[in-house]
Each structure stands twice: as structure tokens, then as C-alpha cells.
Amino acid sequence: MLPSVKTVDFLVIGGGVAGLRAAIELASKGSVIVITKDRPTESTTGYAQGGIAVALSDEDEVCIHYEDTIKAGDGLCNENAAKVMVEEGPGYLLELMSWGADFDKEGSKLSFTREAAHTRRRILHSHGDSTGKEIERVLINKARSFPSILRYDFAFTLDLIVENNRCIGASVLKGDKIIHIIAKAVILATGGAGELFSRSTNPMISTGDGIAIAYRAGALIVDMEFVQFHPTTLYSPGAPQFLMTEAMRGEGAVLKNIVGKRFMPEYHEMSELAPRDAVTRAIVSEMVKTESRHVYLDLTHLERDFIKKRFPLIYTTCLQYNIDITEDVIPVCPAAHYIMGGVRTNLDGKTSIKGLFAAGEVACTGVHGANRLASNSLLEGFVYGARAGKGAVRYAEKIKERDIDKTPYNKHVTAAEEQSVTAFDADKTKSSLRQLMWNKVGIIRCEKSLRSAKNRLNKKDFILKETFNNRKGAELKNMLTVAGLITDAALFRKGSVGAHYRSDFTERGENWRKHTVCVKGEKTGWID
Ligand code: SIN
């Protein structure tokens, strides 16, 4: 059966904060399709607990938020991008509140919490620890209010359609049908790649799809070695790797090793509120020293009622595993959480491919540098989602309406029909890939571990050459693609900066101020 062709002004791939905010920006300028590969509410945004960092409190200033962001980024932030984010962020948050977002208050004033590496209380939160859900709810409702926005849920993007370095749409799998959606501009907002690691805070949909399809299309992919590992996720037999928000430490929780000794003051002057990469490595060091698979997070010294009110989701989730966080210490261990690298964009979301824009975790604007400041990602999603929307409008206004020539799309039809025949067990391959990435390309890496990962990945190269028209196969191919990019970049950066830590190169190394870049068909290199 031939794929169908659908035309639209703007195609947005991804339905988290960046994608929805972009779609809202586009809604008055033309027709918009928003694609999500799962349920509309299933995005990393929806899982965010701690909150959203924004300089709106009386004790805060935009310039202090900027300084904290730059410091956490460990010398690799794009300073202009960070400045834009902290300056424009407050306006987007006030707008969100005018659309009905309900953030927690103390009396009539907004309540702000603290998280690691913030020198001020500046994190807005909702229903205690369900901030992402509230943001997603308001954005979904807002997007629904525009008749020009059409949603395609459970629609998986197989590849971008690119002609002469111009993106003109995407091939999308919906049910068992392939649709070629042709658009004047495409915005990638597919989120991250946490699912590549066997320990991850991300939902299962975070398989790096956007980075993989942009790479296959020839886009510049930068800083892939910078994977952030969240220090504290639940570690208990049979329990999910549930996030224990950093806001718990912001409210006074402390970390103890398995013999009950508080250790962070020995590692960093900011103790439990040190930057995330420092806390994660300190935990690993204590786990090694004590030959344990976890440490403990302890907030039992805080008021019981306060804990239950402030962290209701965590309280009820832990109770299901017989941990009463008001009385018991919580076994925790780090897990992959966020990728700072991604598809390189400028401040308007433009990628290196004409007509292709990117925003949110899939993109690398450079705001996070080598280590993201906690709770800056939702803010980035708002600011750069809207900016990518505006950038796409400007781009679309300049290009002429195109005649739809069936020929190029038919190329993809044929490709999709020539589906793979090689037999392999996708579930097993995925599971061993996740173990490999955690063990060899995880929190602490070295030449030997990375080379051994690379050799194992090379053995799966045949999967990268296959064409899939089913979600499972295509996702696995994307995961293997992104795993290769992370491993190559981690091998290439012979030094330790931010979240990228090499036990064989503990100093920053040559060229450390540059960014790594991967382009299809070329060796990993440096870029300014
Ligand atoms: C958390 O709540 O600890 C996660 C916040 C973030 O990653 O920005």
C-alpha cells in the first residue's frame, strides 16, 4: 500500500513543554500538526518533580540566576543562550500562570524551593512534587484551544524528509500506515535519551529519536559526551527507578553512606547542594568504598507533616515499597537523567539543516554547558520552544509555497517497503545495550571501557543499515545510533569537564573549551 501524503504549514515532533510551546506560538500563523509517539501526556515534561527555575522571587535577580547557570555549566555554556533564557524566562512563566498554571504558594506569594548549585530559592513547584504534570496539563489545554493545531498521537517519526539540505517534512508511522507529512518547517522537540542506560529517570519513550533522525539527515550533533546522571533515584528491589527530587536536599535532606555517615561535606563546600555531577560522583565513590549498591537519603529529621505535604507523590510511592520517608532513610543510587548535548541550534532554534528547528532536550542551544543547573530544563523548553516557533514562522514566510512533487516522497516509500529481513531479538539487544551503556559509558569512563563499548556497538552496525517500518525496530536503531554518538564523543574528549568524567584524564585536557561535533560520514571533531 502506498503511503499517504499530508501537507501542513508546520510540523512539530514531540509533545512536551518545548513542542507544545512551539505549537502555541505557531497556531496563529498557519496549520500545525503535533506528533507524539505515545499518549499525549507521555513526555519527560510530565515526570518533572522538583520544578522550574525562574528568577521571580523577591530575593532573586536574573543576573544571579545567570551566574549560577554558568557556574554549573563548568565553562562550556553558551553565555548568550543562557542570558536569553534567564531574561525571557520570567515572562513565559507569568504567561503560563495567566493560562491557569497553579504553582504552590505560601499565603498569597509564590513558594520557591532550592535545588543543587542554586544560590537562591528560585524553583517554582506545583502540588508539591508534580510540577511537570501541571505544566503539561496547562499546555495541552492551551494547545487544544487552537483549531489550527491537529494532534497525531501514537505516531512514530521514522525519518525526516530532506532535499538539498532542506527539511520538507517527515515520514511518520501511524498504526501500520506510513504518512509523509510535508511542511514548510519542522520543529524537533522529541526530548532526550535516558532510556539508553539501564538506570534512568526517564520514561521509556526517551530513546533519542530526534537526535538519531537529525543525525541521519546530516545535522550537526554536538556535546554528546555530556550526559547528566541524577544523584538520587530509589534503589529498592522490585521498585521502579523513581526520582527523588533534588528539592528534597533543597529542603534539608542529607546523604549518608550505608554505615550511616554523612559524607557530602568531605567532597564539596556546598555539601548536598553541590552541582549534580559532583554529588553523583561522591555517591559513586561512597558506594565503592562501602561495597554497596546504594547510599541513603535521609529527611527523617524534618517535620512529618511538612514532608507529606511537600513531597506527596514521593511519600505515597515509597510507601508502596514499605518505605515511610518520614521515618525511614531512603536507599538511593544515581541514574541517567538528561543529555546536555544534541542537535546544534542557534538562539532561534535553527539547526544546520534549512527548515529544521529544534528545541528542548533534543537540542543543544548551549545553555546547559557541560552540566545542567537543576530545574533549568523546563525553563529552556518554554523560552526556546517559543523561539523555535518564531524562527520557524520567519523561515516559512520567506519560502515560496512548494508544489508537492511526489517523486522524492516515493523514495522514502520504497525504502520503507524494503523492510529489514535480518533476524535479531530487538528486546534482548535493547536490554544488553542499556547494560553496556551503564557499565561502560556511564558516570565514570575511560579509554578501555569506551573502546570495549565501541567494539560491542560495532557488532550491531548491521541494525543501523536496516530500514524498519515498526516502532520497536526503528527505536532500537535510534538508540544504537545515539549510543554510538555518545561513545564517540566520550572517547574523543580526553579530559574531564562537568558531567563527562574520564578516570584516565582527570584534568580538563586540551581544547576543553571547544565542543565535540559529530556529523554523519565524518569523524568526531571539535567545533567552537
Ligand atoms: C529534580 O527534581 O531533582 C529534577 C529536576 C531537574 O532535573 O531539573
Side-chain angles (χ1 to χ4, degrees), residues 14 16-19 21-22 25 45 52-55 61-93 117-118 122 187-192 210-211 214 219-228 275-277 338-353 356-392 394-395 489 497-500 512-517 526-528:
V17 55
R21 191 59 193 79
E25 201 63 37
T45 297
I52 177 159
V54 62
E61 284 171 43
V62 159
C63 63
I64 308 176
H65 187 186
Y66 170 78
E67 279 159 22
D68 290 350
T69 300
I70 298 294
K71 199 165 175 204
D74 206 14
L76 277 179
C77 290
N78 174 331
E79 295 179 0
N80 286 335
K83 195 159 175 284
V84 164
M85 179 183 71
V86 296
E87 281 177 353
E88 295 184 3
Y92 286 107
L93 263 291
H118 287 271
R122 70 163 64 93
I187 299 184
L188 272 182
T190 49
I211 296 175
L220 295 187
I221 310 293
V222 293
D223 284 351
M224 290 298 285
E225 66 277 32
F226 296 118
V227 177
Q228 183 167 71
R276 212 169 253 187
D277 58 324
Y338 189 90
I339 185 151
M340 272 71 74
V343 185
R344 184 173 238 210
T345 68
N346 72 1
L347 302 191
D348 298 320
K350 259 189 186 170
T351 70
S352 55
I353 297 178
L356 180 66
F357 295 76
E361 191 172 351
V362 67
C364 183
T365 55
V367 282
H368 306 305
N371 182 41
R372 180 177 61 95
L373 183 67
S375 288
N376 263 353
S377 44
L378 290 172
L379 192 68
E380 186 198 20
F382 277 103
V383 173
Y384 284 98
R387 281 186 153 251
K390 290 188 175 94
R394 279 195 296 273
Y395 170 81
V497 188
H500 171 67
W512 76 269
R513 283 234 177 233
K514 290 188 183 282
H515 301 269
T516 58
V517 60
W526 293 115
I527 195 169
D528 287 329

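Here the structure is a predicted model, which is why all the values come from computation and not from measurement. For this chain, numbers begin at 1 and follow the sequence in order.
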Any side-chain heavy atom of [X] within less than 4.5 Å of one from [Y]?
X	Y	result
Thr351	Leu220	no
Val497	Leu76	yes
Val54	Tyr92	no
Val367	Asn78	no
Met340	Cys364	no
Ile221	Val343	yes

Nearest 0.5 Å, what's the [atom1]-[atom2] distance between [X] and [Y]?
X	Y	atom1	atom2	value
Tyr66	Glu79	OH	CD	4.0 Å
Ser375	His118	OG	NE2	5.5 Å
Thr345	Tyr384	OG1	OH	8.0 Å
Glu61	His65	CD	NE2	13.0 Å
Leu93	Ile52	CG	CD1	4.5 Å
Asn371	Cys77	CG	SG	9.0 Å

Is the backbone of [Y] close enough, under 3.5 Å, to the side chain of [X] for a donor and an acceptor to pair up by distance?
X	Y	value
Asn376	Leu379	no
Thr69	Ala82	no
Thr190	Gly210	yes

| field | Geometric class of the Phe357/Tyr395 ring pair [parallel <30°, tilted 30-60°, perpendicular >60°] | value | perpendicular
Which heavy atom of [X] sits nearest a heavy atom of [Y], and at what distance?
X	Y	value
Ala53	Ala374	CB-O, 4.1 Å
Ala358	Ala388	O-CB, 4.2 Å
Ala214	Leu356	CB-CD2, 4.5 Å
Pro275	Ala117	CA-CB, 3.9 Å
Glu225	Ala489	OE1-CB, 3.4 Å
Met224	Gly341	SD-C, 4.1 Å

| Looking at Phe382, is Arg21 sitting on its ring face, NZ or CZ under 6.0 Å from the six-membered ring centre and within 45 degrees of the normal? | no
| remark: Residues pairing under salt bridge (Lys or Arg N to Asp or Glu O under 4.0 Å) where one sits in residues 373-390, two or more places apart or in two chains, turn out to be Glu25-Lys390, Glu88-Arg387, Asp348-Arg387
| task | Could you walk me through whether Asp68 and Arg122 pass salt bridge (charged side-chain N to carboxylate O under 4.0 Å, His left out), step by step? | result | CA-CA 11 Å; Asp68 290 350; Arg122 70 163 64 93; 2.9 Å; yes
| Looking at the rings of His368 and Tyr338, which for Trp means the six-membered one, are their centres under 6.0 Å apart? | yes
| request: Return the set of residues passing side chain to side chain donor-acceptor pair (under 3.5 Å) with Glu361 (not counting sequence neighbours), or none when no residue passes. | output: none
| query | Does Arg344 come within less than 4.0 Å of Asp223, counting only side-chain N to carboxylate O? | reply | no
| request: Test Phe226 against Ile339 for side-chain contact (heavy atoms from CB on, under 4.5 Å), laying out the working first. | output: CA-CA 6 Å; Phe226 296 118; Ile339 185 151; over 6 Å; no
